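Within every chain, numbering begins at 1; the chains are lettered A, B, ... in the order of the sequence lines, protein sequences first and strands thereafter. Given the structure is predicted, the values throughout are model-derived calculations rather than measurements.
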Amino acid sequence: ADPKLGIVYDAGGKFDKSFNQSAFEGASRFQKETGIKFIEVQASSDTQAEQVLRGLARKNLDLIASIGFAQTQAVQKVAKEFPKVRFVLIDGVAQGANVNSITFKEEEGSYLAGVAGAMASKTKKLGFIGGIDIPLIRTFACGYAQGAKSVDKKSEVIQNMVGTTAAAWNDPAKGGELARSQFERGVDVVFAVAGGSGNGVLQTAKEKGKLSIGVDSNQNGLYPGSVLTSMVKNVGNAVYDSFMQQKNGTWQAGVTAKGLKEGGVDWALDEHNRKLITPEIEKKVTAARKDIIDGKVKVIDIRTGANCPA
Amino acid sequence: MTFEDLHIGSILVSTVRNAPVLIFAAMAGLFAERSGVIDIGLEGKILASAFVSAAVAFATKNPWAGVAAGVAVSVVLATLQGYVAITQKGNQLVGGIAINIAMSGLTFVVAQFFFQQGGRTPDLGEARLFDVVLPGSAAVADIPFLGWFYTKLIGGHSVLVYLAFALVPLVHWVLYHTSFGLRLRACGENPHAADAAGVSVEWTRYRAMIIAGVLCSFSGAYLAIVQSGFFLRDMSAGAGYLALTAMVFGNWRPVYTFLGCLMFGFFGAVQIQLEGVDLPVIGRIPGALIQMVPYVVTVVVLAGLMAKSVAPKAIGVPFVKSR
Amino acid sequence: MTTNDMPRWATAFVLPVLNLLSALLVAALVIHLLGEDPVDSMRILVNSAIVNPEGLSYTLFYASTFVFTGLSVSIAMQAGLFNIGSEGQMYFGGLGLTLAMLALDASLPWWLLIPVGILGAAVFGALWAFLPGYLQAKRGSHIVVTTIMFNFIAASLMNFIIVKYLIPPGEQNTASRVFSAAAEMPRLNTWFPVLGDTPLNVSFLFAIAALAIYGVMVWRSPWGYKLRATGLNKHAAHYAGVKISGMIIAVMAISGALAGLGSVNSIMGSTHYLSLNFVGGAGFVGIAIALMGRQHPVGIFLSSVLFGALIQGGFDLSLEKPNIPTETFIFIQGLIILFCGAMENLYAPVIVKLAKKG
Amino acid sequence: MHPAVEFRGISKQFGAVKANTDVSFSIAKGAIHGLVGENGAGKSTLMSILYGYYRADSGDILLDGQVQSIHSSHEAIRLGIGMVHQHFMLVENMTVLDNVMLGAEGGFKLAGQRAGVEATLRDICTRYRLDVDPLATIQDLSVGAQQRVEILKQIYRSANILILDEPTAVLTAQETESLFEILRLFKEQGKTIILITHKLQEIMDITDTVTVMRGGKVVGAVQTAQTSKEELANMMVGRPIENNLPRAAYNPGKPVLEVRDLELRDDNGVALLNKLNFTLRAGEIVAIAGVSGNGQSELMEILSGMRLPTSGQIDFEGKALPFAGRSDADGLPRTFRELGIGHVPEDRLRDGVIKGFSVMHNTFFGHQDDKALKNRWGLIDFKGIAERCAGLLKTFDVRPANPDLRIGLLSGGNQQKVVIAREVLANPKLMLVGQPTRGVDIGTIEAIHRQLLALRDAGMAILLVSVELEEVRALADRILVMCGGSITGELKIDEFDTTRIGLLMGGMHKS
Ligand SMILES: Nc1ncnc2c1ncn2[C@@H]1O[C@H](COP(=O)(O)OP(=O)(O)OP(=O)(O)O)[C@@H](O)[C@H]1O
Ligand SMILES: Nc1ncnc2c1ncn2[C@@H]1O[C@H](COP(=O)(O)OP(=O)(O)OP(=O)(O)O)[C@@H](O)[C@H]1O
Ligand SMILES: [Mg+2]
Ligand SMILES: [Mg+2]
């Protein structure tokens, strides 16, 4: 029989223009290709996450994909209660023989964004705008800075966070304002990792004739000619793959960290930014990409407790 | 650290751009509250008008149609609030909060229904309101200071920004130098006195609410079709409450309220600049703590410098001709 | 036209029911416009929030937190203070609780640990409200403004503290570590298995007790008498010998403590760790509950349950009817507050007429 | 000629209270018509109906022979009716000028008008000898001046029918006299005036005709010239009023209150009280006479603990009152009350009662911490209080004797009875009494006076502040006159001399 599949988004919801949406797209692609349906739910609070997971587990689903680190504890707990149900946790690490935790090496993708940004920048001042100051976002920032410094030691990364509450992911006006202020400080390429607020950043960059870098999904097409590239985080692929594995019986528990090598993250080059990516930039980024995959360059992940070298 | 690092210029420009959301809403609140109706529903009206302006601007590809639709919706909400406060003599705080909560939900639901983008409208693109370039900008652009002053600080903003700043003297004039303003203030201070003088308290308050609706809608329109270029759920992000704060801070007086709005705008801008900068002595302040700056400053200023704020006396009390 | 002209049963029962029905009617219209069947939706909603024991249990779980935040706003309102800061106070209360747990959950037995956690939550909540109270009493800073500011400040501060100090090394989730089992509030399903595997816990009983204590303190104790006098007329309260500034500071501290206690249910009763934004608007819901419940214990309880039911039922409904997003219930909350809280006398004239005829 | 105003069968009911029942009478053009009656007789209600404030349940109002339906004050004003309310209808933080213009503006823009109106006002002030600065802010004005602003408003609007609801309750004799001067001027101009007052002497002095109301009904209508105070009083109350109440011989006991060099300065250092010295003994009533606003209120506030003095010494029963070392008076009134100082505040609505509480809840206001009122759980003993309240309502004849009514719905006189009863019941050693009969009808005045005298006879020390010389004369054993924050003179009751007191009140000569 077809596997029974479920997906649980976190508070951001499936249209967050970020990893939830990406997960949704991955699941939809799976449905389209296989015709197998999936149940989807949004959990607005940690308590609800537990409630939802338990509710789905009781329905004897075969596999439940939990999107977002906020569900870590809930997955861990419910997985223990329902050893027969399989769980995929995106962005967090939960223990359990029936859990596959998938994390991403955001630092690696961000590194490429940093390389591209530093190459494209005339002022050698790069901007980074994050949603909230949390480890995940800092990981992006640090990888980005490492990439930029690898191109030019003197390049500078100016960082701003939008806010401290959930509203920070939905505040495009503030995002735009932050971008403006960075531009006035000489920044000419800005990397936005701020959910909906990032739209304000991209938009302002377009208005001011500066370059921006998108995140999570390929945002190059949002403002063609202004979005330098996007740091794509293939949450959708991860969900798609998990569903596929379940279908094919190849699913395995464990912890998977998906970097450039595993296709978890990457940079985006398409018709929208083709003109912006000069052959030099492309050469440099491709080289960096290869170095990382080959292990010649190690990008520091600050989540391991390391200090950011850049 | 040098003076240049502080980017005073960019802070000032940013202040000018940040303030209108608060100015429109605070002036709206001022009308409502000086007439005696507590307007804690600013947030909901901003949100509703932001959504409607964005949606209509998108649908018609005309930002002004968006602004007009925003005005209409905000006025409807303000009138509803007025109906609760004035005719029903209900609790004004409840009425306002109800509108805030209802709009937070409804804007999402409707946006989702029409656009299927998670409570977001599509990008407005050409339907946004664009910035005004003052005549002669190109000529002076390269002159030091003057160029910046004329093209960036004074010029280069949306029409709504100019409207916001022009509103302050206008509100002051209406409030203090017209018969409507006199009646309005009397209704907020002592509605019984106004009533005894032959002034219709209810009608005066309704008019105040309608004006509040109109002004508040500009705040939402500015947010959606000027600053962001689309609508996003809960995008007002507390601006209504902040505007209310500026108004209390300004002791319910237009010019001081305006200064309060500028202060929030200013410290918001300073906070952006401070992030990641090494300050002398203190060093680098963590980003999360820098976010507190505007709020801490407000508390300190309120506690330290301001005299006790005096609200209009009859505020929040339904007018009942009875002892 | 006043409610004075009406029989008591009308004001206490008929009006609220009519108002609730009106709100639901508007809600039904919206659901209909969204392309779903309102009657069926309502059935699912009621079923999953009230009828089904597990759903009811979740409803009461959410209500437990709301009772505390509702009480927090209510008691301040009795003194004429509009405390918008319950959100931040609950947030900070959660910090107090968590610090106590992180320090002691390995060494203390549950019967000591839980009271210590409760105390930590109350003290930190009180502290966060004390400052605005003090500034209002001594410096005349408007409580509405300062509490709003303190919400923002709490958010920033908590963000800083959690990210910098509380996230265990190597973890992604912006949350503290999970407490030991000793720190778990006993769940009611231990005694009533019918409730199913739900987080409804002893906090619910505490919430009921808090309502009772609140009722007695406010309406039966000399302190409550002075409290209400202060709220109604400060000049007269001063004449009556009330220490106004002391009263303001005290009631704000109590208000903050109550908000802080709200975190006990959410953290010790459910998640067992402190996470970023765990309050999730419960403090603001408290404002709505206090206003709708008219600061009366029974009213607070009923509104809390109503809001809990909307969260639980709405959640289940959105599972079954994908066209009805959960946000619809935020809208319905607003409608209910509008009709039941602000337009409470909408039907009074009609009732009075009918009562006169009949 | 038609009468200026005619009431035909006016009835008005509030809930169960019949405020007006079939009221009919008329007022001739150019007359000054008095309207008297007990508290709650329905006078203000009737006038509120005339002014469009309430709608009558039934009945008609005729102006100049025409039936008019007056459904708002706006309408009333349009018909030439002006009203000076019992409680002033002024916006406190606005200027006199703005208050006068409110509702009678000449156009949307005020800028051009203000100067013109100001000139008009100054002109009116000289013509009517009204001492008001059009640019002064209301809250800075004395009560008398605020009253003049109300009059000014009516003159400015050239009202033809002027209703004055207890305009003299807060005025001094001189102020009353100048008000009457203006009313006479109005009369000469052919205006019609309706005057409500509880002071029958004023009725005799100025009115042409009088209507007496009781329990919402008209019980008499007479020509002033053909009646007397006694007859009016009899009609109002239904029994004769005793003017000279009996009292025991003056036999003062130990000093209860000794005030030495008491000084109070405001934040700007301006002296509000100047080196006050006096003693009050058990079993005597000392009255402080003076135009209001000369420091009496401040003195009472200090003695009751509501305010801290700047310097000086106050001994109560030989011990210093605990002012020392305090930065504010927070909570001090409770200490004073526990020491045995009772206080009937002069502004009962501001200080004395909580309008939103029931009558019963107000009967222990200020005494909520008394041990006797608590049960063994430390909670308020509502059972005991209900009994106590029932007794109190009966003894002090509070009407209606309904303990659950919000006190705000009681008439002023009855509110006052509750306050006095409450303070009396605590049996203090010293009673501070401020303006005990302001706005109170003659029957109730008599009852209150009897009560105070009985307390004195029983050995209580009473400090009375009153602007009514009649009251001072009826109650006091000794009289202190205050002016400008100083005591300008002291008289024994047998030296009572209106002229001399008047001079002292004006600060004319120091004895
Ligand atoms: N111990 C209590 N617990 C819960 N509710 C109470 C309690 N005591 C009184 N109430 C309710 O509180 C409200 C007010 O109480 P109460 O009747 O004692 O005061 P009141 O006389 O109406 O005075 P006020 O108008 O100041 O409230 C009433 O609705 C009553 O039902
Ligand atoms: N709005 C009201 N609601 C309920 N009862 C009222 C209202 N206004 C007046 N009353 C009652 O109607 C009666 C008449 O009141 P009114 O104020 O007319 O008396 P009055 O003759 O002016 O008394 P006073 O001499 O004390 O001013 C009183 O019993 C009063 O309590
Ligand atoms: Mg009266
Ligand atoms: Mg009662």
(request) With a 4.5 angstrom heavy-atom cut-off, could you sort out which part of C:Tyr62 is near chain A: side chain, backbone, both or neither? (result) side chain
(message) I'd like to know which of C:Phe278, C:Tyr273, C:Phe61 tops the heavy-atom pair count under 4.5 Å against chain A.
(response) C:Tyr273
(message) Do C:Asn83 and C:Gln89 pair up side chain to side chain, a donor and an acceptor below 3.5 Å, judged on atom types alone?
(response) yes
(message) Between A:Gln73 and A:Asp46, do the side chains contain a donor N or O and an acceptor N or O under 3.5 Å apart?
(response) no
(request) Count the heavy-atom pairs under 4.5 Å between each of C:Ser270, C:Pro322, C:Gly269 and chain A, then report the option with the highest count. (result) C:Ser270
(request) Answer yes if the side chains of C:Thr98 and C:Ser176 hold a donor-acceptor pair under 3.5 Å, and no otherwise. (result) no
(message) Quick check on C:Leu276 against chain A: is it the side chain, the backbone, both or neither that has a heavy atom closer than 4.5 Å?
(response) side chain
(request) Sort A:Gln76 into side chain, backbone, both or neither according to what part of it lies under 4.5 angstrom from a heavy atom of chain C. (result) neither
(message) Counting heavy-atom pairs closer than 4.5 Å to chain C, which one of A:Thr72, A:Thr47, A:Ile134 comes out on top?
(response) A:Thr47
(message) Out of A:Gln51, A:Glu50, A:Arg58, A:Arg138, return the one with the most heavy atom pairs under 4.5 angstrom to chain C.
(response) A:Gln51
(message) Taking side chain as everything from C-beta outward and backbone as N, CA, C, O, which of these in C:Ile167 sits under 4.5 Å from a heavy atom of chain A? Side chain, backbone, both or neither.
(response) side chain
(request) Please state whether the side chain, the backbone, both or neither of C:Thr271 comes within less than 4.5 Å of a heavy atom of chain A. (result) side chain
(message) Whether C:Glu171 and C:Arg177 form a salt bridge (side-chain N of Lys/Arg under 4.0 Å from carboxylate O of Asp/Glu) is what I want to check.
(response) no
(message) Please classify the contact of C:Asn277 with chain A as side chain, backbone, both or neither, using a heavy-atom distance under 4.5 Å.
(response) side chain
(message) For a quick check under 3.5 Å, do A:Asn100 and A:Thr256 share a side-chain donor-acceptor pair by atom type?
(response) yes
(request) Please flag which part of C:Tyr58 lies under 4.5 Å from any non-hydrogen atom of chain A: side chain, backbone, both or neither. (result) side chain
(request) Assess the side chains of A:Asp216 and A:Ser22: does a donor N or O sit below 3.5 Å from an acceptor N or O? (result) no
(request) Run the salt-bridge test on A:Lys77 and C:Asp197 with the 4.0 Å N-O cut-off and return the result as yes or no. (result) no
(request) Give, as side chain, backbone, both or neither, the part of A:Arg54 having an atom under 4.5 angstrom from any heavy atom of chain C. (result) side chain
(message) With a 4.0 Å cut-off on N to O distance, would you call A:Asp62 and A:Arg86 a salt bridge?
(response) no
